[in-house]
Trainee: 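Please find one structure pasted underneath; my questions will follow.
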There are 2 protein chains.
Amino acid sequence: MLKISKKADYALMALQHIASVQFGDVTPGRVVNTKEIAEEYNIPLELLAKVLQVLSKNGLIESHNGPKGGYLLARSARQITIAQILESIEGPLAITDCSHEKDGDYCMQREHCNIRTPLLKIQDSIYQLLNNMTLGDMMGGTPLITIQSPSVQGVER
Amino acid sequence: MLKISKKADYALMALQHIASVQFGDVTPGRVVNTKEIAEEYNIPLELLAKVLQVLSKNGLIESHNGPKGGYLLARSARQITIAQILESIEGPLAITDCSHEKDGDYCMQREHCNIRTPLLKIQDSIYQLLNNMTLGDMMGGTPLITIQSPSVQGVER
DNA sequence: TGATCTCCGATCAATATGGTCGCACTAAAG
DNA sequence: CTTTAGTGCGACCATATTGATCGGAGATCA
């Protein structure tokens with residue numbers, strides 16, 4: 001449950017790769033093309049291409065056309081949050097349908113719905129979690145994040 | 001993205017309803033049958049029935065057969081967590097496929113996968129969030145949960 | 001014994017997803 | 001200025017998941 005799509009997975013891998021090349025020690029500033037990423041991680045080329053196009057359209061990466069072209073982070077890795085990446089691919093984060101319902105699109109259960117408010121709270125917590133972690137945090141062999149077990153609860157009884 | 005299924009939605013509504021009847025002021029201890037819940041919340045009867053059967057099989061509620069039969073919480077509302085409910089319906093919580101992969105079921109990207117560890121951390125945080133909120137917390141008009149904004153991050157830079 | 005209920009399994013339709021194909025456009029290199 | 005390697009883009013299909021439905025078997029109580 002709560003699985004994220006493969007496209008989103010691919011997006012995360014690709015961005016991590018681009019970032020590590022761009023800011024790495026070997027060939028800093030080099031652009032990365034789709035083929036390179038696809039081969040490195042065994043991702044279907046065309047699908048990855050589409051993912052990267054979306055990321056580009058949403059301003060997370062910049063594309064450079066022509067030969068020797070490729071992709072580049074649009075801003076620093078620390079300014080790209082996981083939430084931005086996921087939402088860019090999968091649309092707005094919404095645990096439940098009724099969280100962003102426009103008028104005329106009411107759910108049948110709405111009038112007596114008793115779980116809406118709590119679910120929205122949960123959704124909010126998850127969003128904050130994802131929005132407080134950046135691509136920069138994901139970089140490097142040693143993960144930079146650590147979970148503060150007791151405080152992550154966000155729930156008071 | 002990260003949407004939970006309608007079955008899970010129904011499960012939450014049903015459990016909330018059962019709990020509120022069982023521990024409410026009007027008819028405490030009364031059993032609740034499927035039809036009552038289905039009509040109250042406009043849920044397809046047969047689908048709800050299946051959801052309740054699963055919850056029953058997983059030990060969250062008790063079923064009583066025959067006329068005047070119905071469902072009852074198997075234990076106190078405070079001892080039933082949201083995580084238990086969701087996992088009961090949708091299977092184990094797994095943001096990404098590779099989080100519970102058995103041997104022989106490797107993902108293609110595994111060898112160079114750079115996002116596995118961070119994703120597992122995120123998954124863990126979400127699980128704790130869901131596991132620290134109980135059915136009891138969802139009860140009543142006033143939601144009992146409050147988000148501790150700064151501490152929910154679980155991320156250190 | 002009949003009515004009312006849960007239980008269980010098979011099945012179907014709709015939707016979402018993963019993956020593919022083809023072509024137009026752009027920019028660097030000769 | 002032509003070639004070529006690359007992105008941009010939209011249509012398309014196959015499959016998996018999900019939501020929903022149906023039919024009947026087994027309890028329980030009046």
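Just so we're on the same page: letters track the sequence lines, and every chain starts at 1. Just the heavy atoms: all of them, side chains too, but no hydrogens, waters or symmetry mates, feed the values below. Just so we're clear, the structure is a prediction, and the values are computed from it rather than from any experiment.
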Trainee: Going through the distances and angles, do Thr96(B) and Arg116(B) end up as a side chain to side chain contact (heavy atoms under 4.5 Å, CB included)?
Mentor: CA-CA 8 Å; Thr96(B) 176; Arg116(B) 189 177 148 85; over 6 Å; no

Trainee: Figure out the NZ/C1' separation between Lys3(A) and dG18(C), and round it to whole Å.
Mentor: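 Value for this atom pair: 13 Å.
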
Trainee: Which nucleotide wins on minimum distance to the side chain of Asn65(A), given the candidates dA20(D), dG19(C), dG8(D)?
Mentor: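 Ranking dA20(D), dG19(C), dG8(D) by closest atom to the Asn65(A) side chain puts dG8(D) first.
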
Trainee: Consider the side chain of Tyr10(A), meaning its heavy atoms from C-beta on, and name the nucleotide among dG19(C), dG8(D), dT18(D) that approaches it most closely.
Mentor: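 The answer is dG19(C), which lies nearest to the side chain.
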
Trainee: Pro44(A) has a side chain; which of dG18(C), dG19(C), dT28(D) sits nearest to it?
Mentor: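 Given the options dG18(C), dG19(C), dT28(D), the side chain of Pro44(A) is closest to dG19(C).
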
Trainee: Hey, does Ile115(B) have a side-chain heavy atom less than 4.5 Å from the side chain of Met138(A)?
Mentor: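 Side-chain contact under 4.5 Å: yes.
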
Trainee: Of the options dT6(C), dA11(D), dG19(D), whose atoms approach the side-chain atoms of Thr34(B) most closely?
Mentor: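 Among the listed nucleotides, the one closest to the side chain of Thr34(B) is dT6(C).
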
Trainee: Rounded to the nearest angstrom, tell me the gap between atom CG in Leu48(B) and atom P in dG19(D).
Mentor: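 Distance check: Leu48(B) CG to dG19(D) P gives 13 Å.
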
Trainee: Rounding to a whole Å, what distance do you find between Ile89(A):CD1 and dG19(C):C1'?
Mentor: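 Distance check: Ile89(A) CD1 to dG19(C) C1' gives 15 Å.
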
Trainee: For Glu90(A) and dT15(C), give me the distance from atom CD to atom C1', rounded to whole Å.
Mentor: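 Result: 16 Å.
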
Trainee: Side chain of Pro67(B), heavy atoms from C-beta onward: which of dT17(C), dT11(C), dT4(C) has the nearest atom to it?
Mentor: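 The closest nucleotide is dT4(C).
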
Trainee: Could you state the CD1-P distance from Ile37(B) to dC5(C), rounded to the nearest angstrom?
Mentor: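 Taking CD1 of Ile37(B) and P of dC5(C), I get 13 Å after rounding.
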
Trainee: Considering the options Gln53(B), Glu62(B), His17(B), which one meets the side-chain contact (heavy atoms from CB on, under 4.5 Å) requirement together with Tyr71(B)?
Mentor: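 The single option meeting the side-chain contact (heavy atoms from CB on, under 4.5 Å) with Tyr71(B) is Gln53(B).
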
Trainee: Check every atom of dC12(D), dC5(C), dG19(D) against the side chain of Asn33(B) and return the nucleotide holding the closest atom.
Mentor: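 For the Asn33(B) side chain, the nearest candidate turns out to be dC5(C).
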
Trainee: When the nearest nucleotide of DNA chain C is assigned to Ala8(A) and to Lys68(A) on a heavy-atom basis, which residue is associated with the more 5' position?
Mentor: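 Going by which nucleotide is closer to the 5' end, it is Ala8(A).
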
Trainee: Among dT28(D), dG19(D), dC22(D), which nucleotide has an atom closest to any side-chain atom of Glu46(B)?
Mentor: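 Of all the options, the side chain of Glu46(B) is nearest to dC22(D).
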
Trainee: In whole angstroms, how far is the P atom of dC21(C) from the NZ atom of Lys50(A)?
Mentor: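 One finds 13 Å between P of dC21(C) and NZ of Lys50(A), rounded.
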
Trainee: For Lys57(B) and for Leu45(A), locate the closest nucleotide of DNA chain C by heavy-atom distance; then report the residue assigned to the nucleotide nearer the 5' terminus.
Mentor: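 Nearer the 5' end of the strand: Lys57(B).
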
Trainee: Counting side-chain heavy atoms from CB outward, which of dG8(D), dG18(C), dC8(C) is closest to Lys6(A)?
Mentor: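 My answer, after comparing the listed nucleotides, is dG18(C).
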
Trainee: Measuring only between side-chain heavy atoms, which start at C-beta, is Leu60(A) closer than 4.5 Å to Val54(A)?
Mentor: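 No, every pair of side-chain atoms sits at 4.5 Å or beyond.
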
Trainee: For Tyr41(B) and dG19(D), give me the distance from atom OH to atom C1', rounded to whole Å.
Mentor: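 Value for this atom pair: 21 Å.
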
Trainee: Any N or O donor-acceptor pair linking the side chain of Lys7(B) to the base of dG19(D) at under 3.5 Å?
Mentor: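 It does not, because no donor-acceptor pair links the side chain of Lys7(B) to the base of dG19(D) below 3.5 Å.
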
Trainee: Can you tell me how far C1' of dC9(D) sits from CG of Leu47(A), to the nearest Å?
Mentor: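 Roughly 15 Å, once rounded to whole Å.
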
Trainee: So what does Lys35(B) hit on the nucleic acid, given a heavy-atom distance under 4.0 Å: a base, only sugar-phosphate, or nothing?
Mentor: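 Contact class for Lys35(B): none.
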
Trainee: Going by side chain to side chain donor-acceptor pair (under 3.5 Å), Thr81(B) matches just one of Asn131(B), Thr134(B), Asp137(B). Which one?
Mentor: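 Looking at Asn131(B), Thr134(B), Asp137(B), the match for Thr81(B) under the side chain to side chain donor-acceptor pair (under 3.5 Å) is Asn131(B).
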
